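Quick notes on the structure that follows.
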Amino acid sequence: MGDLRKTFHVRDYDLDATLSSGQAFRWQQLGQAWEGVIGGRWVRLRLSKGDITAEAAKPVRDWAWLEHYLQLHFNLDQALATFPDDEPMQNAVASFPGLRLLRQDYWECLASFILSATKQIVQIRQMVMLLSKRYGEPIASNDDDPAFAFPTIKVIAACGEKELRECKLGFRAPNLLGAARDILDKKIDLQRLPTLTSSEARKELMKLHGVGPKIADCVLLFAGGHQEVFPVDVWIERALQQLYFPKRRPSAKQLRKFADTHFGPYAGFAQQYLFHHARVHLKLK
DNA sequence: CAGGTC
DNA sequence: CCTGG
């Protein structure tokens with residue numbers, strides 16, 4: 001049959017930091033728990049005393065989807081050991097030692113970051129929620145209201161720009177629509193992305209309407225598991241600038257190069273630590 | 001003014 | 001470029 005609950009023993013897993021760090025936008029904190037949707041499943045997660053307890057709305061036979069999403073088998077120590085031994089990096093790790101990278105669905109991740117342009121995390125969450133409620137499949141949850149899956153490529157592609165704007169997408173509406181239609185028109189093959197190297201996959205993603213280097217890199221890192229990819233946005237630029245170059249002002253190109261050479265094989269992981277640390281603890285301007 | 005792109 | 005915090 002399967003179970004409605006399952007407990008996973010974890011070490012160094014900061015669920016709060018991980019689910020609120022701006023890599024995924026479907027999680028809502030309710031008291032000590034987090035509720036969210038992964039693919040077509042609603043789930044409630046709770047971390048206590050080294051255990052993550054998951055609660056599902058329907059019996060689950062195989063929890064591999066959740067273990068994969070949360071990357072429970074990832075060897076964090078091994079990744080942390082590759083980080084540069086400098087003060088900013090060590091401080092960032094020390095402030096959230098259990099921060100993790102999730103492994104998300106390609107399309108949902110891609111769509112979410114297309115929507116992220118000049119938006120704060122709260123607003124991105126809002127747009128994703130509106131879209132899901134309006135165009136996603138209803139799915140069972142343990143709350144009074146049903147949850148909603150993220151809308152499929154097909155459903156989004158069939159929308160009009162105007163209706164998408166009603167989900168507060170603004171000028172992002174044509175970008176999301178364009179990307180969905182590009183995929184349906186087979187301009188790129190999402191299924192094939194996992195078989196490509198990160199630079200090949202980046203080139204593919206950037207063929208989509210509304211997808212530039214920043215969004216492509218976020219998808220590579222958060223959906224593709226290319227942990228060496230270091231997305232550079234204005235916040236991480238400011239963080240690098242302040243933490244590593246307090247005296248001079250490197251160009252965007254120089255910062256890009258620094259990001260690509262300084263942080264090693266898990267640069268994307270390092271980026272997540274720097275980003276979250278900076279967002280919570282630093283005053284950036 | 002805002003976590004980007006055309 | 002949209003629009004809201």
Side-chain angles (χ1 to χ4, degrees), chain A residues 17-27 92 96 99 101-102 104 107-131 133-134 156 159-183 185 187-188 201-223 229-244 251-253 255-256 258-260 263 267-285:
Chain A
T18 301
L19 298 183
S20 68
S21 64
Q23 48 180 320
F25 304 98
R26 298 229 56 189
W27 294 96
F96 295 98
L99 180 60
L101 286 178
L102 302 168
Q104 303 175 54
W107 162 244
E108 177 172 335
C109 183
L110 171 63
S112 303
F113 280 96
I114 287 176
L115 302 184
S116 74
T118 66
K119 285 286 186 193
Q120 311 273 351
I121 292 172
V122 272
Q123 317 183 86
I124 304 167
R125 283 223 306 265
Q126 160 99 310
M127 292 186 281
V128 169
M129 190 162 75
L130 284 171
L131 273 181
K133 275 203 172 130
R134 194 146 166 190
I156 293 296
C159 286
E161 186 180 317
K162 201 166 159 202
E163 33 176 341
L164 290 181
R165 282 177 188 267
E166 285 164 19
C167 296
K168 306 194 179 184
L169 300 202
F171 65 79
R172 300 155 199 82
N175 293 345
L176 182 64
L177 196 53
R181 291 183 177 166
D182 285 346
I183 294 168
D185 292 346
K187 196 183 259 187
I188 80 165
R202 177 186 295 109
K203 269 198 352 218
E204 284 298 291
L205 285 164
M206 287 177 61
K207 290 181 187 168
L208 298 173
H209 184 83
V211 179
K214 154 64 169 60
I215 293 174
D217 281 354
C218 286
V219 175
L220 293 176
L221 182 60
F222 301 134
V229 170
F230 191 113
V232 175
D233 58 41
V234 305
W235 287 97
I236 203 76
E237 262 183 22
R238 289 170 195 164
L240 291 179
Q241 148 81 44
Q242 189 176 118
L243 293 170
Y244 287 94
S251 66
K253 202 171 163 184
L255 283 176
R256 174 73 264 176
F258 177 74
D260 284 336
F263 294 99
F269 237 97
Q271 181 268 9
Q272 197 64 18
Y273 278 89
L274 289 172
F275 182 84
H276 194 61
H277 172 246
R279 194 163 77 85
V280 176
H281 294 303
L282 253 47
K283 281 223 181 311
L284 298 176
K285 62 170 175 48

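Chain identifiers are assigned alphabetically (A, B, ...) following the order of the sequence lines, protein sequences preceding nucleic acid strands; residue numbering begins at 1 within each chain. Since we're looking at a predicted model, the values are computed, not measured.
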Side-chain heavy-atom pair A:W107, A:I156 within 4.5 angstrom cut-off: yes
For DNA chain B, whose closest nucleotide is more 5', that of A:H209 or that of A:Q23? A:Q23
To the nearest Å, give me how far apart CE (A:M127) and P (C:dG5) are. 11 Å
Between C:dC2, B:dG3, B:dC6, which nucleotide has the shortest distance from any of its atoms to the side chain of A:F171? C:dC2
Roughly, in whole Å, what's the span from CD in A:Q126 to P in C:dG4? 9 Å
If you go through the side-chain atoms of A:R165, does one of them form a donor-acceptor pair with the base of C:dC2 closer than 3.5 Å? no
Do A:S116 and A:R172 get their side chains close enough for a donor-acceptor pair, meaning under 3.5 Å? no
Distance check needed: B:dG4 P versus A:D233 CG, whole Å only. 5 Å
Over how many whole Å does the gap from A:Q123 atom CD to B:dG3 atom P extend? 8 Å
May I ask you to decide if the ring planes of A:F222 and A:F113 are parallel, tilted or perpendicular, using 30° and 60° as cut-offs? parallel
Any A:R172 side-chain N or O less than 4.0 Å from OP1/OP2 of B:dA2: no
Can you give me the dot-bracket string for DNA chain C, 5' to 3', counting Watson-Crick and G-U wobble pairs with both distances under 3.5 Å, using [ ] for crossing pairs and | for partners on another strand? |.||.
Note: A:K168 and A:L130 closest approach over all heavy atoms is CG-CD1, 3.9 Å
Roughly, in whole Å, what's the span from CG in A:L115 to C1' in C:dC2? 13 Å
Using 4.0 Å as the upper bound for N to carboxylate O, is an ion pair formed by A:E166 and A:K162? no
C:dC2 C1' sits how many Å from A:L176 CG, rounded? 15 Å
Please tell me which of A:E161 and A:V122 maps to the more 5' nucleotide of DNA chain C, matching each residue to the nucleotide holding its nearest heavy atom. A:E161
Give one of base, sugar-phosphate or nothing for A:K214, where a contact means two heavy atoms less than 4.0 Å apart. sugar-phosphate
Please answer whether the main-chain N or O of A:H209 pairs with a side-chain N or O of A:D182 as donor and acceptor at a distance below 3.5 Å. yes
Does the gap between the ring centers of A:F275 and A:F230 come in under 6.0 Å? no
Could you tell me the separation between the CD1 atom of A:I114 and the C1' atom of B:dT5, rounded to a whole number of Å? 10 Å
C:dG4 P sits how many Å from A:K168 NZ, rounded? 6 Å
